[in-house]
Amino acid sequence: MSKNYYITTPIYYPSAKPHMGHAYSSIVSDFFARFKRIEGFNVYFLTGTDEHGLKIQRAAEKNKKEPLKFCDEISNTFKDLSKTLNLSNDDFIRTTEKRHHISVQNLWNILEKKGEIYLSKYSGWYSVSDEAFYAEDEVEEKNGVKSSKVSGSMVEWVEEESFFFKLSKWQNKLLELYEKNDKFILPKSRRNEVISFVKSGLKDLSVSRKSFSWGIQVPTNKDHVIYVWLDALTNYLSALNYPNTKDNLYKDYWPCDVHMIGKDILRFHAVYWPAFLLAADLPVPKRIYGHGWILSGDEKMSKSKGNILDPLEIINEYGLDPLRYYLLKEVSFGNDGNISKDKLISCINSDLANNFGNLCQRVMAFTEKNMSLQVPKNINFNEEDLKILNKFSDNYDNLIDYINNQNINSYMNFIVDQMFIANKYFNDQEPWKKKNNLKRLNSIIYTSLELIRKISILLYPVIPNSSLKALNIFNITEEQINIESIKNNKFLESGTNIKKIDILFKKVLSND
RNA sequence: GGCGGGGUAGCUCAGUUGGUUAGAGCGCGGGACUCAUAAGCCCGAGGUCAGUGGUUCGAUCCCACUUCCCGCUACCA
């Protein structure tokens, strides 16, 4: 089995500033990347920006800037976001980069040579104001004027020369792919949607545009710009130095283990993308995961409702790790989730401050006062100690399994359970009453320290900064973190000095 | 309209391949303790598991119907 793992976020479209949805996709992906790293995998974690298209071109004109310069600036806000979110991405790709253009044009050439792309005409009812084509049944006629049923805006019959990809040809092969690998698309409900969509019949896909110029040229016809998705999806290959299939990055990491995406772009990833790849005779990714949206209260965030929660503002006010923790733990992964300041505060206070933070604090304060900040010697675990410590080794395989199935919630539940158990253990053992029974006292403290270590390691993918702070007690550095070490009940070396710890999470006093 | 997912404690969600008292966290009420961020621990209140009917010795879980919510139903991404 290969010990390589490739995970990607969507590449973000920088026509507006980053929002919670971007942050969510990124944080979730980072969580998996970090876990697989401490599991010992060589991980390649990719994110980036999609800078193609009319919207960008227009926005640049409006700002009186060269498109590329405009993109530079706006792409940087996403690079900044990656840093703000503490993403551990190995690369950040931009579709305006030369390596990407080479990659896309190469893929195009292959598809064209194989006869998968042909020149024809695209025609339909087009609304200039909506910038969209409508099907016959989406259009109605009033007083001799055709207009869109949806928007009511006027439509006109437009015919435009366009290249087409033979998507219809791949319908059965795609269904076969979904059938053969029932986890190719997750969660399952999304998989059903895709299958029913494909079963309903695929038409060939228009994969070039003539109406604007900001994009990658069709290599064989300079009047055409390559369709955004054929362009954007290929980023996953460009970053691995495709078309150089002999490159180590490509050899090690393709096919991709998981494309982490939002449910809104599932079709492009689960239908078009594998079809392009099959047609080009390239391996398809192993999994597409379409996660839900983050809502504000029960509503979609929108300017008109004034319920937008800006990730940067949240991070400024409450810190990054609390946000990461909240999104990973409180959202039922795969479904839509919601966030509000009240819920975030409640989560910070109960889970992070009162439960885990206070656990660290009480154990460390006790160790400082009674063991002069040393890992106790002469350990003799009793049944109670072992029962609790062994939970980690007993559940090790389950934890790995959770991650491999993107079951974030079970992973988080396990951690939270251990926090409760550790606090209860410390309570029940009453070390403050055992000062005349040093042998027992030593074992209690040692066990408690081990619990903190194990929990902190599990928390590393979730809240890396806070986890590292906690592990710093034991002088464990980021490079030394290893998930397998949670199986070890005697990892800590007796007699070694441990460090004091600052308050990990401050409680938030709610005043509204 | 068609296809799919869902309606489980005040809130957010688990769960049940059908089987004795249906779970967790938060919130709420009470209690004992004091190492700790007045945290933690214990006890408790609170659910006709959307409704109706059916299959079954037995259904929250299977089937049918009803009702409500959500998603998909291609070229804006």
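Here is the naming used below: chain letters follow the sequence lines, and residue numbers restart at 1 for every chain. Note that the structure is a prediction, hence the values are computed from the model and not measured.
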Stepwise salt bridge (Lys or Arg N to Asp or Glu O under 4.0 Å) check, A:Glu317 with A:Lys341: CA-CA 10 Å; A:Glu317 198 169 349; A:Lys341 286 196 179 184; 3.0 Å; yes
Before you tell me yes or no, could you show the steps for A:Glu61 and A:Arg58 under salt bridge (Lys or Arg N to Asp or Glu O under 4.0 Å), namely the whole-Å CA-CA distance, both residues' side-chain angles and the distance that decides it to 0.1 Å? CA-CA 5 Å; A:Glu61 279 163 15; A:Arg58 290 235 177 101; 5.4 Å; no
Just do the salt bridge (Lys or Arg N to Asp or Glu O under 4.0 Å) check on A:Lys387 and A:Asp394 with the steps written out, would you? CA-CA 10 Å; A:Lys387 188 178 147 198; A:Asp394 292 346; over 6 Å; no
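In this model, the phosphate group of B:rA14 is approached by a side-chain N or O of A:Ser332 to a distance below 4.0 Å at OP1 or OP2. Proximity of A:Lys433 to the phosphate of B:rC33: no side-chain N or O atom is located under 4.0 Å from OP1 or OP2. OP1 or OP2 of B:rA14 sits under 4.0 Å from a side-chain N or O of A:Asn335.
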Set out, line by line, the N/O atom pairs under 3.5 Å between protein and nucleotides 23-26 of chain B.
residue: B:rC26; atom: O2'; partner: A:Ser346; partner atom: OG; Å: 3.4

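Comparing the same atom, P, in B:rG27 and in B:rU21 gives a spacing of 30 Å after rounding to whole Å. Atom name C1', nucleotides B:rG53 and B:rU17: the rounded distance is 25 Å, in whole Å. Atom name P, nucleotides B:rC35 and B:rG30: the rounded distance is 25 Å, in whole Å. Comparing B:rG23 with B:rG31, their P atoms sit 26 Å apart, to the nearest whole Å. Between B:rU55 and B:rA64, the two C1' atoms lie 11 Å apart (nearest whole Å). As rounded to the nearest Å, B:rU60 and B:rA22 have C1' atoms that lie 8 Å from one another. Taking the P atom of each, B:rC61 and B:rU52 are spaced 12 Å apart, rounded to whole Å. Using P as the reference atom, B:rC11 and B:rC76 are 40 Å apart when rounded to the nearest Å.
Each of A:Phe356 and A:Asp428 was matched to the nucleotide of RNA chain B holding its nearest heavy atom; the match closer to the 5' end belongs to A:Phe356.
To the nearest angstrom, P of B:rC70 lies 15 Å from CG of A:Asn338. Regarding A:Glu430, its CD atom lies at a distance of 14 Å from the P atom of B:rA36, rounded to whole Å. What separates CG of A:Leu451 from P of B:rA36 is a distance of 19 Å, to the nearest Å. To the nearest angstrom, P of B:rC75 lies 15 Å from CD of A:Glu160. Between the CG atom of A:Leu230 and the P atom of B:rC75 there is a distance of 18 Å, given to the nearest Å. Taking atom CG of A:Asn407 as the reference point, atom C1' of B:rG15 lies 13 Å away to the nearest angstrom. The interatomic distance linking A:Trp293 (CH2) with B:rA77 (P) rounds to 16 Å, in whole Å. Taking atom CG on A:Asp264 and atom P on B:rA74, their separation rounds to 16 Å, with Å as the unit.
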Enumerate, atom names and distances included, each donor-acceptor pair closer than 3.5 Å involving a side-chain atom of residues 328-335 of chain A, sequence neighbours excluded.
residue: A:Lys329; atom: NZ; partner: A:Asp351; partner atom: OD2; Å: 2.9
residue: A:Ser332; atom: OG; partner: A:Asn335; partner atom: ND2; Å: 3.1

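Relative to the side chain of A:Glu193, the nucleotides B:rA77, B:rC72, B:rG40 differ in distance, and B:rC72 lies closest. For A:Tyr227, whose side chain is taken as the heavy atoms from C-beta onward, the closest listed nucleotide among B:rU12, B:rC75, B:rG40 is B:rC75. Across B:rC76, B:rA36, B:rG4, the shortest atom-to-atom separation from the side chain of A:Asn192 is found for B:rG4. Residue A:Asn354 places its side chain closer to B:rA39 than to any other of B:rA39, B:rC41, B:rA74. Here the nucleotide nearest the side chain of A:Lys424, chosen from B:rG40, B:rC42, B:rC3, is B:rC42. The A:Lys203 side chain lies nearest to B:rA74 when the options are B:rU12, B:rA77, B:rA74.
Residue A:Lys183 places its NZ atom among 12 or fewer non-hydrogen atoms of other residues, nucleotides or ligands, all under 6.0 Å distant. Counting heavy atoms of neighbouring residues, nucleotides and ligands inside a 6.0 Å radius, atom NZ of A:Lys391 does not exceed 12 of them.
Remark: the A:Glu51 side chain and the A:Thr49 side chain contain an N/O donor-acceptor pair separated by less than 3.5 Å. Counted by atom type alone, A:Tyr12 and A:Ser26 present one or more donor-acceptor pairs between their side chains at under 3.5 Å.
Using a 4.0 Å heavy-atom criterion, one finds that A:Phe197 contacts the bases of the nucleic acid, with or without backbone contacts as well. As judged by a 4.0 angstrom heavy-atom cut-off over every strand, A:Ile195 is placed among residues making no nucleic acid contact. A:Ile265 comes within 4.0 angstrom of no nucleic acid atom, judged by non-hydrogen atoms across all strands. Here A:Ala353 lies in heavy-atom contact (under 4.0 Å) with a base. Among the heavy atoms of the strands lying under 4.0 Å from A:Leu504 is at least one base atom, whether or not backbone atoms are also near. Residue-level contact check: A:Asp204 touches the bases, meaning some heavy atom is under 4.0 Å from a base atom. In this structure, A:Gly201 reaches the bases: a heavy-atom distance under 4.0 Å links it to at least one base atom across the strands shown. When heavy atoms are screened at a 4.0 angstrom cut-off, A:Leu202 is found touching base atoms of the nucleic acid.
Under the 3.5 Å distance criterion, the side-chain polar atoms of A:Asn370 are left unmatched by any main-chain donor or acceptor of A:Lys435. A:Ser25 places no side-chain N or O within donor-acceptor distance of the main-chain N or O of A:His22, the cut-off being under 3.5 Å. Remark: side-chain polar atoms of A:His52 are not paired, donor with acceptor, to backbone N or O of A:Tyr227 under 3.5 angstrom.
Using the six-membered ring where Trp is involved, A:Phe414 and A:Phe392 have ring planes that are perpendicular, over 60° apart on the 30 and 60° scheme.
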Whenever both distances are under 3.5 Å in a Watson-Crick or G-U wobble pair, mark it; put RNA chain B into dot-bracket that way, with [ ] for crossing pairs and | when the partner is on another strand. (((((((..((((.....[...)))).((((.........)))).....(((((..]....))))))))))))....
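With sequence neighbours left out, A:Lys173 forms a side chain to side chain donor-acceptor pair (under 3.5 Å) with no residue at all. By the side chain to side chain donor-acceptor pair (under 3.5 Å) test, A:His269 is found to be paired with A:Tyr236, residues two or more places apart in sequence or in another chain being considered.
Within 3.5 Å, a donor on the side chain of A:Asn358 pairs with an acceptor on the base of B:rA36, or the reverse.
Within the 4.5 Å cutoff, no side-chain heavy atoms of A:Ile473 are placed close to those of A:Arg453.
Remark: A:Phe366, A:Lys369 in residues 366-374 of chain A come within less than 4.0 Å of RNA chain B through at least one heavy atom.
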